[in-house]
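These values consider heavy atoms only, across backbone and side chains, with no hydrogens, waters or symmetry-generated copies.
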Amino acid sequence: MMKGNLRWWVVGLVALATVINYIDRGALGILWPEIKAEFGFSNQDYANIFGVFVLAYAFGQTIFGKIFDWLGTRIGFVLSIGVWSIATALHAFGSSVMTFQLFRIILGVAEAGNWPGASKANAEWFPVKERALAQGIFNSGAAIGGILSPIILALLAAFMGWKAIFIAIGLIGLLWLIPWLIIYKSKPEDHPWLDPKEREYILSGQLVKTDDGEDETDYNPSTGEMLSRKETWGAILPAMFIDPIWWLFVAWIPIYLIDSFGFNVKELGLYAWVPYVGAMFGAWFGGLLAQNLLGKGWTVNKTRKFVITLGAAIMVPALLAMSVASTPILAVLIMATILFGFQTSIGNVQTLPSDLYSTKAVGSLAGYAGTAAKLAAAFLVWIVPQITTESYMPAFIIGVALAVLAVLSVLILIPKIEPLKPRAGKSA
């Protein structure tokens with residue numbers, strides 16, 4: 001059944017983990033009207049609770065980036081999804097802003113592991129030409145989770161209270177561990193189920209050479225050396241600039257619809273999933289486009305820069321168009337366009353660590369990029385209530401600037417996207 005396709009089962013499981021990830025994190029926003037009414041919370045309380053989650057998520061990226069590089073992808077995911085599932089269930093015992101913040105901190109640190117872990121699994125299991133597609137499939141899990149979250153949570157709300165819902169969705173993540181431990185036995189080099197032809201296809205496709213013909217897949221710099229290279233920052237800064245756009249909508253789609261159109265939980269279930277449909281198609285589009293361009297002979301450098309720029313070019317006019325969103329249908333359709341553009345870009349941004357460094361260092365660099373991205377996202381999420389007292393438009397203008405900066409940081413800091421070599425006097 002898995003012959004010749006084991007790598008796709010791996011990315012499918014990681015995508016499923018991402019679906020669960022987004023259902024778990026999205027529960028607070030969807031269930032917020034009930035929680036807010038029961039405890040008398042305000043939108044600023046929501047911003048404060050969500051803000052600490054994103055901060056914890058930021059530092060969790062670096063923490064789990066190192067954990068994945070130290071312990072490997074298999075155990076890294078066990079720790080990540082195991083802890084975040086328990087943290088999700090603990091939300092049922094929240095009764096104050098402080099307790100919700102505590103549970104969101106645990107959730108944030110653990111959920112963060114999903115992203116450097118996925119980047120590492122991608123680098124281990126896919127040849128370079130398929131990595132953007134694999135990353136797109138993985139990222140589509142976030143979109144599918146965003147689609148399913150309001151629908152599933154609205155349906156569950158019809159039969160159980162918000163506390164029982166948190167426990168139920170927490171248990172789902174623990175069940176995911178069963179197929180993961182069965183299928184992900186080791187890396188491709190040693191996996192007992194891997195067909196020899198697929199093993200050769202994966203490993204030979206990872207041997208990318210620089211212009212002088214040298215194989216640089218073993219380059220594993222120290223943290224200091226890695227952070228001293230401008231190309232490293234060419235991977236960190238675009239993630240830092242572009243990621244807050246996603247979090248702007250993840251955090252505030254339910255609240256925006258509640259404030260702008262007076263939605264309740266049932267109405268959120270009817271509308272809040274639509275933007276994530278755009279995100280899902282954007283993830284697939286960005287990955288397939290990159291794969292097709294590489295198949296036509298485009299270089300990794302030209303392909304990554306083109307697709308990242310294209311995604312930003314889609315986002316900018318759509319962000320500006322949010323000012324004319326006078327109906328909920330129009331609002332969610334424009335949001336879908338924005339998230340389509342975002343996902344078109346982000347899959348290729350997230351492949352940059354594996355384009356530049358060996359699999360030994362990918363988790364660490366993905367973690368650094370994720371930390372920077374989530375710190376920026378936490379700041380944007382936190383200031384939204386302050387800058388949107390009369391209109392959400394200031395937040396969308398900030399999104400425009402961030403999209404432009406993301407593209408510029410790649411173009412300026414990475415003159416050529418290719419595997420890096422140790423500097424003179426350094427060794428791998």
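- Donor-acceptor pairing under 3.5 Å is recorded for the side chains of Ser42 and Asp45.
- With contacts defined as side-chain heavy-atom distances shorter than 4.5 Å, the pair Trp284/Ser140 qualifies.
- You'll find the side chain of Ile398 reaches within 4.5 Å of the side chain of Ile387, heavy atoms only.
- Between Trp115 and Phe64, the ring centre distance reaches or exceeds 6.0 Å.
- With Glu231 as reference, Leu356 is the one residue of Ile236, Leu356, Leu352, Leu413 to meet the side chain to side chain contact (heavy atoms under 4.5 Å, CB included) rule.
- When all heavy atoms are compared, the tightest approach of Leu319 to Phe396 is O-CB, 3.6 Å.
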Quiz item: Could you walk me through whether Asp69 and Lys120 pass the side-chain contact (heavy atoms from CB on, under 4.5 Å) check?
Solution: CA-CA 8 Å; Asp69 280 344; Lys120 190 172 181 68; 2.9 Å; yes
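- A donor-acceptor pair shorter than 3.5 Å cannot be found between the side chains of Trp9 and Asn5.
- Counting all heavy atoms, side chain and backbone alike, Gln350 lies closest to Ser119 at O-OG, 4.0 Å.
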Which atom pairs, donor and acceptor, lie under 3.5 Å between side-chain atoms of residues 333-344 and protein residues at least two apart or in another chain?
{"from": "Thr337", "atom 1": "OG1", "to": "Leu333", "atom 2": "O", "distance (Å)": "3.2"}
{"from": "Thr344", "atom 1": "OG1", "to": "Phe340", "atom 2": "O", "distance (Å)": "2.9"}

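- The two residues Trp246 and Ala279 come nearest to each other via the heavy atoms CZ3-CB, 3.7 Å.
- Remark: side-chain polar atoms of Ser80 are not paired, donor with acceptor, to backbone N or O of Gly76 under 3.5 angstrom.
- Residues Met393 and Leu320 share a closest heavy-atom pair of CE-O, 3.5 Å.
- Looking at heavy atoms from C-beta onward, Trp84 lies in side-chain contact with Ile20 at the 4.5 angstrom threshold.
- In this structure, Ser186 contributes its side chain and His191 its backbone to a donor-acceptor pair below 3.5 Å.
- With sequence neighbours excluded, the residues forming a side-chain contact (heavy atoms from CB on, under 4.5 Å) with Leu408 are Val404, Ile412, listed by chain and number.
- In summary, the side chains of Arg304 and Asn348 do present a donor paired with an acceptor at a separation below 3.5 Å, with no hydrogens or angles considered.
- Between Trp176 and Tyr184, the distance from one ring center to the other does not fall under 6.0 angstrom.
- Formation of a donor-acceptor pair under 3.5 Å by the Arg7 side chain with backbone atoms of Asn122 is not found in this model.
- Checked by atom type, the side-chain pair Asn292/Lys296 shows no donor-acceptor distance below 3.5 Å.
- When all heavy atoms of Ser85 and Gly170 are compared, the closest pair comes out as CB-O, 3.1 Å.
- A side-chain donor-acceptor contact under 3.5 Å links Thr371 to the backbone of Thr62.
- Annotation: side chain of Ile329 is not in contact with side chain of Val274 (no heavy-atom distance under 4.5 Å).
- Smallest separation of non-hydrogen atoms from Gly82 and Leu177: CA-CD1, 4.4 Å.
- The closest donor-acceptor contact from the side chain of Gln101 to the backbone of Val52 lies at 3.5 Å or more, if one exists at all.
- For Lys187, the NZ atom is loosely surrounded, since the number of other residues' heavy atoms within 6.0 Å does not exceed 12.
- Checked against the 6.0 Å centroid criterion, the rings of Trp32 and Phe50 do not qualify as a close aromatic pair.
- Side-chain N or O atoms of Ser228 include one that pairs as donor or acceptor with a backbone N or O of Glu225 at under 3.5 Å.
- Aromatic rings of Tyr276 and Trp273 (six-membered ring for Trp) have centroids beyond the 6.0 Å cut-off, not under it.
- Listed for the Arg199 side chain is a donor-acceptor partner under 3.5 Å among the backbone atoms of Pro188.
- Exactly one residue among Thr309, Val410, Ile242, Leu310 makes a side chain to side chain contact (heavy atoms under 4.5 Å, CB included) with Ser345. That residue is Ile242.
- Here the options are Thr303, Ile308, Asn301, the test is side chain to side chain contact (heavy atoms under 4.5 Å, CB included), and the partner is Lys305; only Asn301 passes.
- Counting non-hydrogen atoms of neighbouring residues, nucleotides and ligands closer than 6.0 angstrom, the CZ atom of Phe379 reaches no more than 12 such neighbours.
- Arg131 places a side-chain N or O within 3.5 Å of a backbone atom of Ser354 that can act as its donor or acceptor partner.
- Remark: side-chain polar atoms of Asn48 are paired, donor with acceptor, to backbone N or O of Gln44 under 3.5 angstrom.
- Put simply, the side chain of Phe306 reaches to within 4.5 Å of the side chain of Trp298, judged on heavy atoms.
- When ring centroids are compared, Phe103 and Phe100 stay outside the 6.0 Å threshold.
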